[in-house]
Structure formats: structure tokens, C-alpha cells
Amino acid sequence: MPEGHTVHRLARTFDTLFAGQGLRVSSPQGRFADGAGVLDGRRLVASEAWGKQLFLGFAPADAPADAAAGLPADVSDAQVRGVSSASDTLWLRTHLGLYGAWTFAGAPDAPEVAHAIGAPRRRIGERDSVPTSAPPSSDVWEVPEPRGQVRVRLLGVHAVADLTGPTACEVITTDEKRVVEARLGPDPIRDDGDADAFVAAVGRSRVTIGQQLMDQAVVAGVGNIYRAEVLFRAGVDPLRPGRDVPAATVRAIWDDLVVLMRDGADHGAIVTTRPADRGAGTVAEGGAEPVPAPGRGQTRQNTDGSPDAVPSDQAFYVYHRDGLPCRVCGSPVLVKELAGRNLFWCGVCQT
DNA sequence: TTGGAATGGACAA
DNA sequence: TGTCCCTTCCAAT
């Protein structure tokens, strides 16, 4: 379940596992058989994320191999290095939507991917799980069977990646990729993220700031969690029209997104609470933290498993905390359905 | 065994 | 605004 940070993490993972390799591409489920046939045998020469979109660049199978590990930062670099020209590169564009996921498994000698590979098999963009591959003693890696509805399988030298449940999965040209990117707003995780463009877009519309943050043409990569959390941290009422939010505040929201989302990409989990506001989870005094409502499971996150990770029930100020006391002021966190999505906020702290 | 819910988005009206 | 699609997991029957 990806917001932009997950997709950037995925891009890094593909780089680590498959950079420069010729890949076997298939569609176990069958729904991407044509596209898989086009890409099969091509070599992965780029791995990019923009917002929630993942672009994997494939050079023709007969293009000269690139000895150096790591992928060029973009196609123009690839051209300079003679790896692949923009015109003969094909891109696999995928978007995970609400419940798509990439699952990785690797041979014992595969590179570690932020604890996301090897036994146990782990799924990035969703849940962990499931046994894996070969006994460590075996010197031939036994590739695991696809599990579930696998739209695309990429098989490299020592690792395999399976895609399930994407909302988008298609092969496009470099020109078509540019068209997709032109529709996207700036991405706070990318170095080319344009803060001015974000501030300007928000300021010229009376659409609420809460809705604008979910609009990928305004800012790419923000989802329901970052939307709720960044507005809480800024003390801004999500229902305020964008043009009524001071430009300096909008700028501060961007700056906060840069920090939060890059941290999310590095660690695999969204954590927005400041340490002082965590504790048992609520205002300093006044009794025990209420137990979260039953049936409201923990928000699943694909962390890097580090032992000092913030527990998921302490990671957020307002997301999925409706009815619970605000961590700062103690008043109940509010929830309201807006444009088909749940919006969470504190009616006291956010004005 | 069934049915919501989930961190999305495209498209129609 | 509403409807539909994609897939999995877990709580409720």
C-alpha cells in the first residue's frame, strides 16, 4: 500500500537486484502476456520513481552490456554511457493503486535489499510472509512458484520480483513516459521536486488544501496518511481553501513533506510523530491511553525491520485515530469522508 | 464462508 | 459526485 516513499524504495530495490541484467519477463496470471513478451530478454537499464509511479527502463537485448553496477540516473545518462538510447528504451510503467504489491525472493547470494529479500520472502508495498526458495546448501537457486494473481514476474540472475494487483501495468515509450510525467506535480522525494510549483498550485485554487494534497497533479506521492499527518503538523484545517492558506505555510508544508517522505523512503515506514508526543500515545496526564477500537487493525507498513522502529500505533498523530484523544490537546480526533477517502484531523489543533 | 476495508485512480455524467 | 477496477487479509458470520 504505497504512498510515494514506498515506490522510491521499490526503485532502489530494482536497482540493487537487477541493474544491468537481462531479465526473463512473464505474466503467470496471463493478463500481461503481450507486454511481457515485448520485454522478455531485455536488459534493465533504469529504475525511476515519480510520485506513486514506478518506471523500469529496458534496453534491447542486444545492447552492449554495462559492466558497472548501478543504473544511470536517467535516460540521458544512459545515452551518454552508450547503454541505451531514449528511442530504443521501453518502459514498464506500474502503479500499485490501493493494494498492489511487489514481492521479492532471492538466491542466497542475492544482495541484501533493506531486509526485503532472502528468506523469509518479503513483499514490499504490503505484507511480509511466506516461505521461500532453496535450502542454503543447494548451489542452484530454486525459483519459487508465483503466489496469487501475479501479473508480471521479472526473473534475473539471483532474484525474482512478482507484481500483484496493480492499478496500472503497461509498456510505454520514452515519449509516452514524458507525457505521463507531465501530468504529475512535483515529487518531494525527488531532487528535482519544485517547491515553487507546489506553492503556486495550492495558492491559485479554492479547492481545500486537504483535497489538493491528494491531487497528484499538485504534489506527487502524497497519499492519505501523509496528507492527514502533514496538515496536523502544520496546524492547518484540511477544509481550508488552498488560496486562504498563507504561502509561507504552504511552503512549510512542502518542506515538511520533503523530510517526512525521504525518511519514509529510507526506513520503509511512515513516522510523523515527534518523540515527545509519542510516549503512551497521548496527552501527558489524564489516565491511560485508550485501547484502539477493536477491528481497527494496525496500519501495515513494510519497515526495514530495525529494532528501534517506532511501533505503528505510535507513528501517527491523527491517521486512523478517530475518536482517540489528540496526542497534543486531548480532544477527540475527527474523521470525515471526503471525496471517497477518510480524512482525519484535530478540530482544535488545526485551524 | 462471506464481506468489509485498504496508504488509488480513471472515467462518466 | 458516483461507479468501477485491481487483490489480499482478517473479522465477523
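Only heavy atoms go into these numbers, but all of them, side chains included; no hydrogens, no water, no symmetry mates. Quick caveat, the model's predicted, so the values are computed rather than measured. Residue numbering restarts at 1 for every chain, and letters A, B, ... go by the order of the sequence lines.
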[X] [atom1] to [N] [atom2], straight-line distance once rounded to whole Å:
{"X": "A/Tyr226", "N": "B/dG8", "atom1": "OH", "atom2": "P", "value": "12 Å"}
{"X": "A/Phe32", "N": "C/dC5", "atom1": "CZ", "atom2": "C1'", "value": "17 Å"}
{"X": "A/Leu98", "N": "B/dG8", "atom1": "CG", "atom2": "P", "value": "6 Å"}
{"X": "A/Gln29", "N": "C/dC5", "atom1": "CD", "atom2": "C1'", "value": "13 Å"}
{"X": "A/Arg147", "N": "C/dT8", "atom1": "CZ", "atom2": "C1'", "value": "9 Å"}
{"X": "A/Gln211", "N": "B/dG8", "atom1": "CD", "atom2": "C1'", "value": "15 Å"}

Check: So A/Tyr319 and A/Phe316, would you call those rings parallel, tilted or perpendicular, with 30° and 60° as cut-offs?
Finding: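 Taking A/Phe316 first and then A/Tyr319, their aromatic rings stand perpendicular (interplane angle over 60°).
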Check: If only side-chain N and O atoms of A/His320 are considered, is one of them under 4.0 Å from the OP1 or OP2 phosphate oxygen of B/dA5?
Finding: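 Result: no.
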Do we see a donor-acceptor contact under 3.5 Å between the side chains of [X] and [Y]?
{"X": "A/Gln314", "Y": "A/Arg278", "result": "no"}
{"X": "A/Trp91", "Y": "A/Thr174", "result": "yes"}
{"X": "A/Asp266", "Y": "A/His5", "result": "no"}

Note to self: What's the gap between B/dA13 and C/dC5 when it is taken at their P atoms, as a whole Å value?
What the structure shows: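 Straight-line distance between the two P atoms is 15 Å.
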Report all interatomic pairs (protein N or O, nucleotide N or O of nucleotides 9-13 of chain B) with separations under 3.5 Å.
unit_1 : atom_1 : unit_2  : atom_2 : d
B/dG9  : OP1    : A/His95 : NE2    : 3.2
B/dG9  : OP2    : A/Lys52 : NZ     : 3.3

Check: How would you label the contact of A/Gly340 with the nucleic acid (heavy atoms, under 4.0 Å): base, sugar-phosphate, or nothing?
Finding: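 Since no nucleic acid heavy atom lies under 4.0 Å of A/Gly340, the category is nothing.
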Note to self: Using modelled atom types and a 3.5 Å cut-off, is there a donor and acceptor pairing between side-chain atoms of A/Glu229 and backbone atoms of A/Val318?
What the structure shows: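 At least one qualifying donor-acceptor pair exists.
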Item checked: Of all pairs that satisfy side chain to side chain donor-acceptor pair (under 3.5 Å), the ones with a partner from residues 252-264 of chain A, not counting sequence neighbours ->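 Qualifying pairs, neighbours excluded: A/Arg233-A/Asp256, A/Asp263-A/His267.
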